[in-house]
Every structure is written in structure tokens, then in C-alpha cells.
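A short write-up of the structure that comes next.
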Amino acid sequence: MPDARSLSCPHCGAPAEPGTGRCVYCRGRLATVSCPKCFALLFDAARFCPSCGAPRERTEVGDGEIATCPACRGRVLHVRLGTASLLECADCDGVWIDAADFERICADREAQAAVLHRWTGHGTAPAGPVRYRPCLRCKKLMNRVNFGRLSGTVVDVCRGHGTFLDVGELHAIVTFIEAGGLDRARAREMEELREEERKLQALQAQRSADNQAINYSSRAWSRHDLAQLIAMVQRK
Ligand SMILES: [Zn+2]
Ligand SMILES: [Zn+2]
Ligand SMILES: [Zn+2]
Ligand SMILES: [Zn+2]
């Protein structure tokens, strides 16, 4: 439970909405991604994660990286959360995670989770206008991917370079993985493959039935033609 102090903005004193990372009045930071386990946002005063109970662990390493945020072109800072390493935007709080680091974060929570970078192209359209963002590394526009196909969290992926996540999305993804989401996604994928196979078989059966019908009708026509030919010959 956040105490009374954490319910008012330390920057301007305005009442702070619980669960939001920024003050709605002065845009000052209220909470930062500080849980090394589930990547939840923690109020500065909180020593333990309200979602999973892990102790806060966040180190701002600095801005050694010369890179800009794919979402807002803000300055990104290198942040360490336990063993995880990421670049965080000082303006919009979005995070960039290099491909290998992201796969390790997922794999640490799920043995076969190195799946996202193979799943590009399966993205589903999110609600609202789609804005494609440039990769932080190569500047090419990234793919929008519904993480694990079922999570509903749409992230930006440049295959091989990394993943960009809006504020709160890393926590949502880790929560999805820990709830067995990727197992469900794999089961769904198998089911879809089987369904495709069934459709293909039905189509092939239909096609061979159609071919038989065509053969039969062409035979019928040629018999008809033959009869006409015979009638013509007989008339002579
Ligand atoms: Zn404020
Ligand atoms: Zn946590
Ligand atoms: Zn940003
Ligand atoms: Zn790239």
C-alpha cells in the first residue's frame, strides 16, 4: 500500500494517480521501472515491488549511448535492473532492449521463449492509427508484433536489433510469460496448423470431386457429339 506521501507528486504537490508513472499536472516522474523480476513501476518511496514482492533494484548507468527514442526522439538513458540491461527514454519512459538482452529476459522466465524474433509478420493491428517507429539501431521502420500472438501487448520489433516497449509493456509481457502465455500461444499455433491441414484436405477432396464431374460431363458431351455425327452420316 503506498503511503500518503507517495499519493502526492513530489515535484508539484498535486495529487498523484496511483498506477501512473508520471504526474498528470507537471509530467514529473512518480514511479520508475524498478522491479528486476517483473519490471513493474515502483514509486520512489517503495522498497518492494507491489506486484511480485521483489526488492527494488535499479541503477541509472547514464547516457553513454548516443541514441534517440524511437517513439518521441527523446534522450535514452542506460538503466540496469538486476541483470537486465535496457535503454529508457527520459521523456516518454518507453524502453529499448537489444535483441539478445530481450530474448534473455524472456528465456529467464520461460525456457523456449526466444520466439518473438521469429514471429515478426504475425502482428495484429492494434486499435487506433498505427505509427511505425524507426529502429533505435538501424533506423529502419520496425514491425508491430502482438507479443506471443495472444498477449494483446503490441511491441515494435526490428529483427536482430531489438524491441521497443511503451511504458508498462515490459511488465505486461513478463506477466504474460509467467502466466504460461507462450505455452498457450504454442498450443493455439498447433491448433491453427491442424485446422489449415484439414482445410487443405477438404479442398483437395473437393477438387478431385470437381475433376470427376468435369470428366463425366465431357464424356457425356462427346457421346452427344458422337450421336449427332452418326445421325449426320445416316442422313446422307
Ligand atoms: Zn507534479
Ligand atoms: Zn515485481
Ligand atoms: Zn521517448
Ligand atoms: Zn534495426
Side-chain angles (χ1 to χ4, degrees), residues 33-41 49-54 57 70-71 79-88 93-128 130-138 140-206:
V33 177
S34 304
C35 176
K37 198 159 166 273
C38 76
F39 303 102
L41 294 171
C49 173
S51 295
C52 75
E57 203 179 333
V79 174
R80 291 198 134 271
L81 300 148
T83 57
S85 178
L86 48 88
L87 295 174
E88 186 184 67
D93 303 327
V95 295
W96 169 269
I97 308 175
D98 282 328
D101 290 326
F102 188 72
E103 291 194 355
R104 201 166 45 80
I105 287 172
C106 295
D108 281 355
R109 285 153 185 88
E110 224 263 6
Q112 298 167 51
V115 283
L116 180 72
H117 287 257
R118 279 191 270 126
W119 275 347
T120 50
H122 279 307
T124 34
V130 178
R131 289 258 294 282
Y132 289 95
R133 293 157 166 170
C135 168
L136 181 138
R137 298 284 175 218
C138 72
K140 285 186 190 146
L141 292 183
M142 294 185 279
N143 287 305
R144 310 236 335 131
V145 176
N146 182 357
F147 180 83
R149 299 186 69 192
L150 303 175
S151 71
T153 302
V154 178
V155 296
D156 303 286
V157 179
C158 182
R159 205 195 308 227
H161 282 154
T163 302
F164 182 79
L165 307 103
D166 288 312
V167 61
E169 288 185 337
L170 186 55
H171 174 67
I173 279 173
V174 166
T175 306
F176 171 78
I177 295 173
E178 287 183 341
L182 290 175
D183 275 338
R184 272 181 283 128
R186 274 190 289 272
R188 168 80 71 90
E189 192 153 32
M190 285 305 294
E191 188 48 46
E192 282 174 8
L193 278 174
R194 277 194 288 269
E195 182 60 36
E196 282 297 308
E197 211 170 83
R198 272 194 293 273
K199 273 189 205 153
L200 200 69
Q201 280 167 355
L203 199 70
Q204 276 166 348
Q206 179 64 42

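Computation of the quantities below employed the complete heavy-atom set of this structure, encompassing side-chain atoms and omitting hydrogens, waters and symmetry-equivalent molecules.
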Partners meeting salt bridge (Lys or Arg N to Asp or Glu O under 4.0 Å) with Glu192 (sequence neighbours left out)
Arg149

Spatial distance of atom OG (Ser34) from atom CG (Leu81) [nearest 0.5 Å]
7.0 Å

Report the C-alpha separation of Ile105 and Phe39 in whole Å, then their side-chain angles, then the decisive distance to 0.1 Å, and conclude whether the side-chain contact (heavy atoms from CB on, under 4.5 Å) test is met.
CA-CA 10 Å; Ile105 287 172; Phe39 303 102; 3.7 Å; yes

Taking the side chain from Asn146 and the backbone from Gly152, do they hold a donor-acceptor pair closer than 3.5 Å?
yes

Sequence neighbours left out, what passes side chain to side chain donor-acceptor pair (under 3.5 Å) with Glu197? Give chain and number order.
none

Quick one: does any side-chain atom of Arg109 pair with a main-chain N or O of Lys37 as donor and acceptor, under 3.5 Å?
yes

What distance do Leu165 atom CG and Trp96 atom CH2 have between them, rounded to the nearest 0.5 Å?
9.5 Å

Residues which pass salt bridge (Lys or Arg N to Asp or Glu O under 4.0 Å) with Asp101, listed by chain and number, not counting sequence neighbours:
Arg104

Please set out all donor-acceptor pairs under 3.5 angstrom arising from side-chain atoms of residues 166-175, sequence neighbours excluded.
residue	atom	partner	partner atom	Å
Asp166	OD1	Arg133	NH1	3.3
Asp166	OD1	Arg133	NH2	3.3
Asp166	OD2	Arg133	NH1	3.4
Glu169	OE1	Asp166	N	2.8
His171	ND1	Cys38	O	2.8
Thr175	OG1	His171	O	2.6

Under the side chain to side chain contact (heavy atoms under 4.5 Å, CB included) rule, collect the residues that match up with Ala179, sequence neighbours excluded.
Arg184

Rounded at 0.5 Å granularity, tell me how far CG in Asp156 sits from CG in Leu141.
10.0 Å

Residues passing the salt bridge (Lys or Arg N to Asp or Glu O under 4.0 Å) test with Glu195, sequence neighbours excluded, are Arg198

With Asp98 as reference, evaluate Glu103, Arg137, His161 under the side chain to side chain contact (heavy atoms under 4.5 Å, CB included) test and give the passing residue.
Arg137

Using 0.5 Å steps for rounding, measure from the SG atom of Cys158 to the CE atom of Met142.
7.5 Å

Please report the C-alpha distance between Ser51 and Cys35 in whole Å, then the side-chain angles of each, then the deciding distance to 0.1 Å, and finally whether the side-chain contact (heavy atoms from CB on, under 4.5 Å) criterion is met.
CA-CA 9 Å; Ser51 295; Cys35 176; over 6 Å; no

May I have the step-by-step check of salt bridge (charged side-chain N to carboxylate O under 4.0 Å, His left out) for Glu191 and Arg194, ending in yes or no?
CA-CA 5 Å; Glu191 188 48 46; Arg194 277 194 288 269; 3.5 Å; yes

Measure the shortest side-chain to side-chain distance between Glu196 and Leu200 over non-hydrogen atoms and say whether it is less than 4.5 angstrom.
no

